[in-house]
Amino acid sequence: MGSQAKFLRGFSRVEPQTLSFVIFTGCFLISMALLVVSAGYFVSFPSLSSWLSTREAPPVPGAKENLSPHQLDAISQNVDVQQKPLCDTSDRRADICDMEGDVRVNANSSSIIYVTSSVRNTAVRQESWRIKPFPRKGDLAALSRVTEMSVGYLSTDEDVLKCDVKSSVPAIIFANGGYVGNFFHEVTDLIIPVYITSHKFNGEVQFLISDILPWWITKYELLLKKLSNYEIIDFNKDTVVRCYPRVIVGVTFHRDMSIDPARSGGVTMFDFGKFIRKTYSLERETAIKLGPNEDKKPRLLIVARNRTRRFTNVDEIARAVEWQGFEPVIAEFKKNQSLAEFAQIVNSCDGILGVHGAGLTNLIFLPTNAVVIQVVPLGGLESYCYSDYGVPTLEMKMRYLQYSIGIMESSLVDRYGITNPVVLNPKVVLAQKDGWRNWTSIYFFNQDVKLDVSRFSSFLIHTRDLLHQ
Ligand SMILES: *[C@@H]1O[C@H](CO)[C@@H](O)[C@H](O)[C@H]1NC(C)=O
Ligand SMILES: *[C@@H]1O[C@H](CO)[C@@H](O)[C@H](O)[C@H]1NC(C)=O
Ligand SMILES: *[C@@H]1O[C@H](CO)[C@@H](O)[C@H](O)[C@H]1NC(C)=O
Ligand SMILES: *[C@@H]1O[C@H](CO)[C@@H](O)[C@H](O)[C@H]1NC(C)=O
């Protein structure tokens, strides 16, 4: 048991993306556990007012009969902007509170308070929510470091916290945390949700970020500045009461690496790509279009990876790529490289080739019409690979090819032998009791790929054909 726990901790550190996969694939296997987790997470909190009273706020006044004429007036005039519940906890991945009116943020006590003059419905007014503003609901590992916030109502006749800072623009509150450190997760769990939630304000919105990781802020500074014209507030260090006309707690998640235009007011992943190019001043809007005389060489970025799911014959792959008339570009984002700098390299390419993994997330920097080739290792990962990187590629109006390796291209053959079920039938591994542990360990963390360049050559030919169109 102890060693299993250690193993789990170990692999969430090595490559968190896989843990998330386990968690969502695991839905079949451990759905009960997850249900308990997410139900436990939403156990309603004692009402905000009683919670505040421990902080010397006065008790909530009684119901309707105690209303002053002024309050009755307010009710009849319906002065509150907000009519719906403050928070929506129905989404699978993210709880969102969206409050319009008089909203006060007291970061000292991690509370966000909607001040209302209408006390029409005491039961409603006493509702409150506890929110972790990071879109991986139910994923305890991802949320473990995320500050929990409390959202609730307060009536105007109570001793409302005075505004130290009054803002005329809305605020969005969200957390760093989760599996940041893995580029896929940084983009799918935060960058895209922050974009979905904030782009419509055209910069006229302030971010309050909790559990800040300074390197994350540095890495994405350009992007954050493009989405917000205002200073970023470090939620956990803020000691003043901030008042806003609107506050959104949490960021909206649709699908991994994807934006659903039906839920985003028409904004698509293609728009996201344009936004990224603009943010990082990426010059190439569209990939090369090969003409009849084929004088120019398309550039193909090869993601080598160097710890897990490595290409073990990168040089041979590069030669094959060159042989088929491409200029091979072998590059990988280095820890302290600027993202803008790396984005330029990716954008200078017309395609990307890589084994399934976070490096493929760089496709967000590619020009329209570029070709993404995902190499799928053994393990029965095809549909998962497709949804992570195939769908976003197509949504960004690029072309997508998926290459499933043959068993001889997997390092698992050397390790287990060609007749072993691990090689021949990964489903058997998964079907064992707690099989997902072995399965993750074997196929994600202990498998490298030696691409069979002659088997693969038809994919390169196809890629050239696509760049002619
Ligand atoms: C928040 O805490 C700081 C330090 O404890 C204190 O100086 C400040 O007055 C507090 N602010 C509010 C609004 O409670
Ligand atoms: C991975 O990259 C690091 C730093 O660039 C290097 O020190 C290490 O040897 C590489 N590992 C492998 C297996 O290539
Ligand atoms: C990377 O970081 C190291 C140590 O923090 C520093 O010495 C080096 O100059 C940095 N390299 C780049 C390219 O920023
Ligand atoms: C899976 O793990 C168990 C122990 O947890 C081990 O006994 C078994 O041999 C493993 N199966 C494979 C295919 O590696």
Side-chain angles (χ1 to χ4, degrees), residues 44-61 71 74 79-82 85-87 95-119 122 124-134 143-177 197-198 201 204-214 216-217 224 228-251:
S44 74
F45 194 44
S47 84
L48 181 70
S49 27
S50 62
W51 172 70
L52 278 174
S53 67
T54 65
R55 288 159 198 264
E56 286 158 55
V60 186
Q71 285 168 318
V79 295
D80 285 327
V81 179
Q82 188 90 14
L86 302 183
C87 297
D95 294 332
I96 306 287
C97 311
D98 189 350
M99 294 158 268
E100 236 177 316
D102 178 355
V103 196
R104 307 190 179 197
V105 179
N106 183 12
N108 260 10
S109 60
S110 299
S111 58
I112 296 99
I113 298 153
Y114 181 75
V115 180
T116 171
S117 57
S118 157
V119 280
T122 308
V124 165
R125 198 164 52 73
Q126 291 191 346
E127 258 185 300
S128 69
W129 292 264
R130 298 186 84 174
I131 300 292
K132 287 198 173 191
F134 187 82
L143 295 178
S144 60
R145 291 190 311 104
V146 176
T147 300
E148 186 169 74
M149 299 178 189
S150 168
V151 177
Y153 300 83
L154 213 57
S155 128
T156 39
D157 61 333
E158 291 172 69
D159 190 8
V160 170
L161 293 156
K162 285 193 191 62
C163 301
D164 295 314
V165 181
K166 243 182 167 153
S167 169
S168 59
V169 301
I172 298 176
I173 304 177
F174 62 92
N176 276 175
T197 312
S198 66
F201 297 107
E204 289 302 297
V205 64
Q206 182 161 43
F207 293 147
L208 286 73
I209 308 181
S210 77
D211 312 290
I212 281 187
L213 299 165
W216 187 89
I217 303 291
L224 293 167
S228 166
N229 304 330
Y230 298 86
E231 171 200 11
I232 289 171
I233 305 297
D234 183 339
F235 189 86
N236 305 82
K237 292 196 180 135
D238 203 35
T239 55
V240 298
V241 175
R242 294 179 187 273
C243 299
Y244 295 95
R246 181 177 179 188
V247 172
I248 300 173
V249 184
V251 285

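Excluded from the calculations below are hydrogen atoms, water molecules and symmetry mates; all remaining heavy atoms, backbone and side chain alike, are included. Atoms within each ligand, like the ligands themselves, are counted from 1 in listed order.
Protein heavy atoms are found inside the 4.0 Å sphere centred on atom 2 (O) of ligand 1. Distance check on atom 14 (O) of ligand 1: some protein heavy atom falls below the 4.0 Å cut-off.
Those atoms of ligand 1 that come under 4.0 Å of a heavy atom in V241, given as number and element, are 13 (C).
Comparing N108, T239, V105, D238 against atom 10 (C) of ligand 1, the shortest heavy-atom distance belongs to N108.
With hydrogens and angles disregarded, a donor-acceptor distance shorter than 3.5 Å links the side chain of K132 to the backbone of L143.
Defined by atom type and a distance below 3.5 Å, a donor-acceptor pair is missing between the side-chain atoms of T239 and N108. With 3.5 Å as the limit, one finds no donor-acceptor pair spanning the side chains of E100 and Y114.
Under 4.0 Å is where a charged nitrogen must lie from a carboxylate oxygen, and between D102 and R104 at least one such pair does.
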